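A short write-up of the structure that comes next.
Letters A, B, ... mirror the listed sequences (proteins, then strands); counts begin at 1. This is a predicted model, so every value here is computed, not measured.
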Amino acid sequence: MTSFKSDFLNVLSERGFIHQCTDAEALDTLASAGPITGYIGYDATASSLHAGHLVQIMLLYWLQKTGNKPIVLMGGGTTKVGDPTFKDTQRPLLTDEQIQSNMNGIKSVFNSFLNFGDGATDAIMVNNDDWLSGFGYIEFLRTFGTHFTINRMLTFDSVKLRLEREQPMTFLEFNYMLMQAVDFRELNSTYNCVLQMGGSDQWGNIVNGVELTRRLNQKAAFGLTTPLLTTASGAKMGKTVGGAVWLNADALSPYDYWQYWRNTEDADVGKFMRLFTDLPMDEIRRLEALQGVEINEAKKILADAATRLVHGEAAAATARDTAQKAFEQGVLSADLPTVEVARAELEAGIMLAALTTKIGLTQSNGEARRLAQGGGLRVNDTAITDGNQAVTLADLNADGVIKVAQGKKKIVLVKPV
RNA sequence: GGGGGAAUGUCCCGAGCGGCAAAGGGGGCGGACUGUAAAUCCGCUGCGUAAGCUUCGCAGGUUCGAGUCCUGCUUCCCCCA
């Protein structure tokens, strides 16, 4: 592994963030000379970012930690077009209202990772709608269209893939890469931003921005991408029982978030600690070397550190404590996910299958029944194989709740009200 | 403009002589084994307590019966112009 002069690239490099870089040497020289400004763009396609975005967020985190200025670019404008990169089909267009509300949801998570403000290395957040929407069509074409050739655009993998699979790509989507390039140029003009980062799938888009900036602004500009992340067994990252691993607490509770990291495969522990925590490298090297049962300790530390970054120290501690009680001591903690059910319903007796569906453990009664048959449902730690069995107030435990579990890891406390 | 093909189980791929709730994968979930891991093995994977109900691009039609045949429409692909 090459050694760099700048802290920034050294950290990224030893932690495994770097996949490709347009000119690592020149970027290193620049970064070692003084603070640089870099940005990453996020399109507002959902109301929360998820674990898949985390690598990129960590890039901004380290950028700031090593004395540089991060810009968070909200894709208010680009989301209106929709990024076609490596997608098979066009996604439905979002309305302005949806985009706005998604952006509001996404913004909050950055506060946990970055310090925003007016200082030299304080992070700022900008919205590309501010400049993109202002362009007239002809003006846009004349200003930027002349710098892109169709010949070149068609050679990008992101476009080629779609064409080779004989899937249509609309002209609208085809314009996305221009808009992203314009973003970089705009940020370079306004904030002297010299670096765009992103996932490896963004390489083509980033390179376009780098070239456009160099050409129009006659300034140095760099691009850097992170490797595509999969777990050691090849699965895509960021999925869990309930769906994506969201970063917003209202989309995924800190407890579930903690659980996600706790369940990391052995082989991924070191990699994840490098990428998703700020633990010192010495400690990571020590922890990832643990073997067998001992590596579970490392996983807890990983979960703690990762949760702390997103949800804060207190939430991480609570999550760990809750998990420890539930899994290691077999004790219930009041902090487990709790759902309130009308007392009257329990009094009358509610079918187990209906109950699990009601509290979100299953999607339909039929699914619940099948699950039960396979031994996947338990009430107060007793497996119930008949989904039609009634759950009543008699099932309340000493704490006045009913513990319903789907499998071994998904536990919900039912509380009568 | 002409000719030929394709759309299947609300995750993906993909079989399907007129009797099909629809083969097989992948993925996901559950169980066993373990260490809240991986690998492996087993089970489940449309809705309904049930009778039953609703699915194969959309709308009609033929038939006792249609994913399967006919007509029209939509979308996509290929070839010719």
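The shortest side-chain heavy-atom distance between Leu27(A) and Leu224(A) falls under the 4.5 Å cut-off. Counting heavy atoms from C-beta outward, Ile295(A) and Glu297(A) have side chains that stay 4.5 Å or more apart.
Within 4.0 Å (heavy atoms only), Leu377(A) reaches no atom of the nucleic acid at all. Base engagement by Ala323(A) is indicated by at least one non-hydrogen atom pair under 4.0 Å involving a base atom. Using a 4.0 Å heavy-atom criterion, one finds that Gly292(A) contacts the bases of the nucleic acid, with or without backbone contacts as well.
A side-chain N or O of Asn365(A) and one of Thr357(A) form a donor-acceptor pair less than 3.5 Å apart. No donor-acceptor contact under 3.5 angstrom links the side chains of Gln202(A) and Gln196(A), judged on distance only. Side-chain contact annotation: Trp258(A) with Asp304(A), donor-acceptor N/O pair under 3.5 Å present.
OP1 or OP2 of rA37(B) has at least one side-chain nitrogen or oxygen of Lys409(A) nearer than 4.0 Å. Between rG46(B) and Ser364(A), no contact under 4.0 Å exists linking OP1 or OP2 to a side-chain N or O. Between Asn365(A) and rC47(B) there is no side-chain N or O to OP1 or OP2 distance below 4.0 Å. Residue Lys299(A) has no polar side-chain atom (N or O) positioned under 4.0 Å from OP1 or OP2 of rA38(B). Checking the phosphate oxygens (OP1, OP2) of rG30(B), no side-chain nitrogen or oxygen of Arg370(A) falls inside 4.0 Å.
Atom P of rU55(B) sits at a distance of 28 Å from the matching atom of rG5(B), rounded to the whole Å. To the nearest whole angstrom, the two P atoms, one in rC70(B) and one in rA7(B), are 14 Å apart. Remark: the separation of the P atoms in rU8(B) and rG57(B) is 6 Å, to the nearest Å. When the P atom is compared between rU36(B) and rC44(B), the two are found 27 Å apart, to the nearest whole Å. When the P atom is compared between rC56(B) and rU10(B), the two are found 11 Å apart, to the nearest whole Å. Straight-line distance between the P atoms of rC76(B) and rG26(B): roughly 33 Å, to the nearest whole Å. Nucleotides rC64(B) and rU75(B) place their C1' atoms 35 Å apart, quoted to the nearest Å. A gap of 26 Å separates the P atoms of rC73(B) and rA81(B), to the nearest Å.
Tested against Phe110(A) for a ring pair (Phe, Tyr, Trp, His ring centres under 6.0 Å), the candidates Tyr42(A), Tyr61(A), Phe116(A) yield a single pass: Tyr42(A).
rU75(B) and rA6(B) make up a base pair, with Watson-Crick or G-U wobble contacts both under 3.5 Å. Using N1 to N3 plus N6-O4 or O6-N4 for Watson-Crick, or N1-O2 and O6-N3 for G-U wobble, each under 3.5 Å, rU62(B) pairs with nothing. Pairing of rG43(B), defined by two Watson-Crick or G-U wobble distances under 3.5 Å, is identified with rC29(B). Pairing of rU54(B), defined by two Watson-Crick or G-U wobble distances under 3.5 Å, is not identified with any nucleotide.
In this structure, CD of Gln363(A) is placed 11 Å from P of rG48(B), rounded to the nearest angstrom. Rounded to whole angstrom, the span from the CZ atom of Arg369(A) across to the P atom of rC44(B) amounts to 17 Å. Taking atom CD on Gln324(A) and atom C1' on rU36(B), their separation rounds to 13 Å, with Å as the unit. When rounded to the nearest whole Å, the span between CD of Glu265(A) and P of rA39(B) equals 6 Å. Between the CZ atom of Phe327(A) and the C1' atom of rU34(B) there is a distance of 15 Å, rounded to whole Å. At whole-Å resolution of the value, CG in Asn263(A) and P in rA38(B) are 8 Å apart. One can place CD1 of Ile411(A) at 12 Å from P of rU36(B), the figure rounded to the nearest angstrom. Remark: P of rA37(B) and CG of Asp268(A) are 14 Å apart, rounded to the nearest angstrom.
Nearer to the 5' terminus of RNA chain B, by closest-nucleotide assignment, is the contact made by Gly374(A) (compared with the other of Gln259(A) and Gly374(A)). If you find the closest nucleotide of RNA chain B to Asp266(A) and to Glu367(A), the one lying nearer the 5' end belongs to Asp266(A).
By the rule that a glycosidic angle within 90° of 0 means syn, rC73(B) does not qualify and counts as anti.
In terms of polar N and O atoms assigned as donor or acceptor, the side chain of Glu328(A) never comes within less than 3.5 Å of the base of rU36(B) in a complementary pairing.
Residue Leu371(A) places its side chain closer to rG30(B) than to any other of rG30(B), rC47(B), rA32(B).
Judged purely by atom type and a 3.5 angstrom limit, Asp28(A) uses its side chain to pair as donor or acceptor with the backbone of Lys5(A).
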